[in-house]
2 protein chains.
Amino acid sequence: MSDRERALEHYQPVAGNGLLHRRLFLAGGAAVVGAGSLGLLTARPARAQSPPGLPEWMRAPGAGMSGYGRRSRFEEHVQRYVGSAPGTTGSGSSRTPLEQLEGTITPNALHFERHHSGIPEIDPDQHRLLLHGLVERPLVFSMDALHRYPMVTRIQFIECSGNSRPNLSSEPPATTCGDIHGMVSCSEWTGIPLSVLLEEAGVDPQAQWLLCEGADAAAMSRSVPLAKAMDDTLIALYQNGESLRPAQGYPVRLFLPGYEGNISVKWLRRIKLTREPTMTRDETSKYTDLLPGGKSLIFTFPMGVKSVITSPSGGMAMQGPGLYQISGLAWSGSGSIRRVEVSADGGETWAEAALTEPLLSKALTRFRMAWRWNGGPALLMSRAVDDAGAVQPTRAALLTEKGSQVSYHNHAIQVWQVAADNQVTNAYA
Amino acid sequence: MSDRERALEHYQPVAGNGLLHRRLFLAGGAAVVGAGSLGLLTARPARAQSPPGLPEWMRAPGAGMSGYGRRSRFEEHVQRYVGSAPGTTGSGSSRTPLEQLEGTITPNALHFERHHSGIPEIDPDQHRLLLHGLVERPLVFSMDALHRYPMVTRIQFIECSGNSRPNLSSEPPATTCGDIHGMVSCSEWTGIPLSVLLEEAGVDPQAQWLLCEGADAAAMSRSVPLAKAMDDTLIALYQNGESLRPAQGYPVRLFLPGYEGNISVKWLRRIKLTREPTMTRDETSKYTDLLPGGKSLIFTFPMGVKSVITSPSGGMAMQGPGLYQISGLAWSGSGSIRRVEVSADGGETWAEAALTEPLLSKALTRFRMAWRWNGGPALLMSRAVDDAGAVQPTRAALLTEKGSQVSYHNHAIQVWQVAADNQVTNAYA
């Protein structure tokens, strides 16, 4: 096969409206042979005329080093979307600007927040974790003691069960990806398996649930099934290498991989083993799913299989016809992502996206696809499938199944409309 | 097998001086059955007497949300070790405080720095990347154009080839792990495969090397072999999810996985394809390896297989006899880590540590081991083996092989001495 034939095979569309094959992302130099000379893969850089002159920042020594670094002042517009409940300063949420990020790790400074009475400023030397209730030996752990136990490290996401609620309204809100879907973030978490501490305390055979309570002014509390506590639950102490941030539960939080974020209780101060769930405020009046018949589902823990294209996305402007990277995130509360399909024609045809490896369980997975935009109207969609075979539903299918009162667990497909005037907007289709 | 027998099997020492089997880190609750009642696995938390009173931070609403978050004021002592060259503010290095971190990701604010004339403050709208020399089509890329190309994401380390130089002195410096070994950091990097841009420019068959130049006042420059450029080299734009920090090359840097850090040119402005290496200042007068006979090795790119125990480590104090986690980092510039062994008796006996999965190529790998310290003297060591079978050498073996003039590429085994007075210090043994 000639270079030209190989290149044409690599860069021919694989689905409608300009989607190119994912192999572009999967190989090294071999995959792009011939693309340059054929003009198949280009964002149209300028031809160089002469070497550039010295910019001002090469004419004098730059800034010095520092103990704890900062980002560029040219990046300071990258901020979370903050929304406080009326009359409060610390109750509400801030959402990750997904459309301004790449890769899968969320910087700690941009991890979404959801607080019920603000962020407590906890002195770790004074903080204690109490483990009591149906145990043989009630125990109190200082932070120094906790740091001596065996730890594990995993890259996993947290998603608020109220994430993507704006897209449940009757008209598509004209806003950005992060403003709609930014209550999901992904970190490398390090902590002690809760099973280790439970074993040390000795679990009474009658215990089936754990009441977990935070040290914030709301004493945010949730009931956790014992089976999950003994499985992959962590007593998390570090996030992305450093100690937890105050907004994420400093000095210690519960972390239940794949479960709705509210149950991963921050500022953890107390775990009480019980026979039954405690039926706290935040699992009865909130965080339940009202069904069409008037009944509510309770303890709907795992987050559904989901994906969203982060670029191009709502509020962005295209730079005219030509090559673009379509980039997005996929995740499932039940395991790893098996496949993400992308459509540029509103779901008529689909092609498989490239997934960033390794495919980790309950982690954000970056997917990408090359797209040659012809400058005409396009409807961009992504659809994730997890390793259990669960498929992300359309918005229409989700509303049909869950009813019009649905308020949590919206994991429907997002549609971005690309118009001939270069504008990208939120759409229902 | 009874719970008691299973627990005893799990927690019996596997090497001298109290090292426990790694299976403790590898399983869920099943692995710890019986440990509590037998007192085999405990940092001796207090028995709880009564529920704790409400701390002050639960009595009033906490702080509000923010666009870009901060860490706790109780963590502000966690800082890089900064060392500027005499007479300069921006030339020198700052080192990651490895002993204060956990997991494998280094927070961007704590990534090590090595600058040759300070940190330039670059306006991304003005910055250009020139690709010229032995190419068919010289090209100039704006940052907007670069952001449209296909990207890949990988978790990989950078290590300065001068890392761990303090331990080449005749007496062991009485300092910390990060002060000695902190010129290694690990991030999730996202960028464009350099092969994609080279293919677009069209590589002249005579080209064998690339001159890569930074836009700092030193115009830091290195020669890169074409084969590496076409293999896994990235034009990196994002680090741990957000845009590169200025100290790490904002808005764009070269990234050569596994190679000595100096060659991953920051603030990248120019790539020129050449027949021969350019023999720049930083690959001739610096970053070469002086041999005993007076000759120097040049272009010694891959970093050797290496590991270091980060806790307990130099400058720390033990809290008395009992259970501890031994935790450390291992890496290889040639691939992934296959095995890390730990000794608590100065190398007489060794046991295999638990490795955090997945085992990624050219990434920091966290290893851990449980250790029941008896309160007596101990010499802690770790020894890494990579997937090519390369074994980390002792300090004595490295000096015998490389000679007394060795200044770069010190990947020798670190020894931490634990004394009966609880103090942990740097030692040669």
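Here is the naming used below: chain letters follow the sequence lines, and residue numbers restart at 1 for every chain. Keep in mind it's a predicted model, so treat the numbers as computed, not measured.
- In terms of heavy-atom pairs under 4.5 angstrom with chain B, the leader among A:Ser91, A:Ala63, A:Gly103 is A:Ala63.
- Separation of atoms CG (A:Leu364) and OG (A:Ser185) is listed at 7.5 Å; rounding is to 0.5 Å.
- For B:Thr233, no part lies near chain A; criterion is any non-hydrogen pair under 4.5 Å.
- Each of B:His116, B:Gln325, B:Arg71 has some count of heavy-atom pairs under 4.5 Å with chain A, and the biggest count is that of B:Arg71.
- Judged purely by distance below 3.5 Å, without hydrogens or angles, the side chains of B:Thr106 and B:Thr96 never pair a donor atom with an acceptor atom.
- With a threshold of 4.5 angstrom between heavy atoms, A:Tyr324 approaches chain B through its backbone and through its side chain.
- Residue contact with chain B, scored on non-hydrogen atoms closer than 4.5 Å, involves the side chain of A:Tyr250 exclusively.
- Contact check on B:Arg73 versus A:Glu121 returns a salt bridge, with a Lys/Arg side-chain nitrogen under 4.0 Å from an Asp/Glu carboxylate oxygen.
- Residue contact with chain A, scored on non-hydrogen atoms closer than 4.5 Å, involves the side chain of B:Thr190 exclusively.
- Using a 4.5 Å cut-off on side-chain heavy atoms (C-beta onward), A:Asp216 and B:Met58 make no contact.
- For B:His111, the side-chain hydrogen bond (donor to acceptor under 3.5 Å, both in side chains) partners at least two apart in sequence or on another chain are B:Gln248.
- Note on B:Arg245 versus B:Glu113: no salt bridge recorded, every NZ/NE/NH1/NH2 to OD/OE distance being 4.0 Å or above.
- Comparing A:Arg70, A:Glu76, A:Glu357 by how many heavy-atom pairs each has under 4.5 Å with chain B, the most go to A:Arg70.
- Between B:Pro246 and B:Trp267 the shortest heavy-atom distance is O-NE1, 2.8 Å.
- Among the candidates B:His147, B:Glu242, B:Arg368, the residue making the largest number of heavy-atom pairs closer than 4.5 Å to chain A is B:Arg368.
- No part of A:Arg154 comes within reach of chain B, as not one of its non-hydrogen atoms sits under 4.5 angstrom from that chain.
- Proximity to chain B involves both the backbone and the side chain of A:Met151, based on heavy atoms less than 4.5 angstrom apart.
- You'll find the side chain of A:Arg95 stays beyond 4.5 Å of the side chain of A:Arg114, heavy atoms only.
- Counting heavy-atom pairs closer than 4.5 Å to chain A, the top residue among B:Gly64, B:Gly62, B:Ala247, B:Ser311 is B:Gly62.
- If you measure heavy-atom distances from B:Ile326 to chain A, you find no contacts under 4.5 Å at all.
- Considering only heavy atoms from C-beta on, B:Asp125 stays 4.5 Å or farther from B:Met143 through its side chain.
- Taking 4.5 Å as the limit, every side-chain heavy atom of A:Glu188 sits out of range of all side-chain heavy atoms of A:Gln239.
- The CG atom of B:Leu237 sits 8.0 Å away from atom OG of B:Ser243, with the distance rounded to the nearest 0.5 Å.
- For B:Gln100, there are no side-chain hydrogen bond (donor to acceptor under 3.5 Å, both in side chains) partners, not counting sequence neighbours.
- Looking at A:Leu131, neither its backbone nor its side chain comes within 4.5 Å of chain B, counting heavy atoms on both sides.
- Counting only heavy atoms from C-beta outward, the side chains of A:Met230 and A:Leu226 approach each other to under 4.5 Å.
- Note: A:Leu98 CG to A:Cys186 SG = 11.5 Å, rounded to the nearest 0.5 Å.
- Between chain B and the residues A:His115, A:Arg59, A:Gln319, the most heavy-atom pairs under 4.5 angstrom are made by A:Gln319.
- Heavy-atom distances place the side chain of B:Val82, and not its backbone, under 4.5 Å from chain A.
- Proximity to chain A is limited to the side chain of B:Leu360, based on heavy atoms less than 4.5 angstrom apart.
- Of the atoms belonging to B:Asn108, not a single heavy atom falls under 4.5 Å from chain A.
- Interface remark: B:Tyr68 contributes backbone and side-chain atoms alike to the contact with chain A (heavy atom separation under 4.5 Å).
- With a 4.5 angstrom heavy-atom cutoff, B:Asp232 does not touch chain A via any of its atoms.
- Put simply, the side chain of B:Leu101 does not reach to within 4.5 Å of the side chain of A:Tyr238, judged on heavy atoms.
- Heavy atoms of A:Thr104 lying under 4.5 Å from chain B belong to its backbone as well as its side chain.
- Of the two parts of A:Thr88, neither the backbone nor the side chain holds a non-hydrogen atom closer than 4.5 Å to a non-hydrogen atom of chain B.
- Per-residue heavy-atom pair counts under 4.5 Å with chain B were compared for A:Ala109, A:Ala217, A:Gly118, and the maximum is reached by A:Ala109.
- In this structure, the separation between CD1 on B:Ile155 and CG on B:Asn240 is 8.0 Å, given to the nearest 0.5 Å.
- For the set B:Ser94, B:Ala215, B:Pro120, the entry with the most heavy-atom pairs within less than 4.5 Å of chain A is B:Ala215.
- Ranked by heavy-atom pairs shorter than 4.5 Å toward chain A, the options B:His127, B:Glu102, B:Glu56, B:Gln79 are led by B:Glu102.
- Residue with the most contacts toward chain A among B:Ser93, B:Ala218, B:Ser327, B:Gly83: B:Ser93 (heavy-atom pairs, distance under 4.5 Å).
- Interface summary for chain B: among A:Ala219, A:Pro61, A:Ser84, A:Ala229, the most heavy-atom pairs under 4.5 angstrom belong to A:Pro61.
- Here A:Pro124 is the residue among A:Pro124, A:Pro55, A:Pro251, A:Ser187 with the most heavy-atom pairs under 4.5 Å with chain B.
- There is no contact between B:Ser142 and chain A, counting heavy-atom distances below 4.5 Å.
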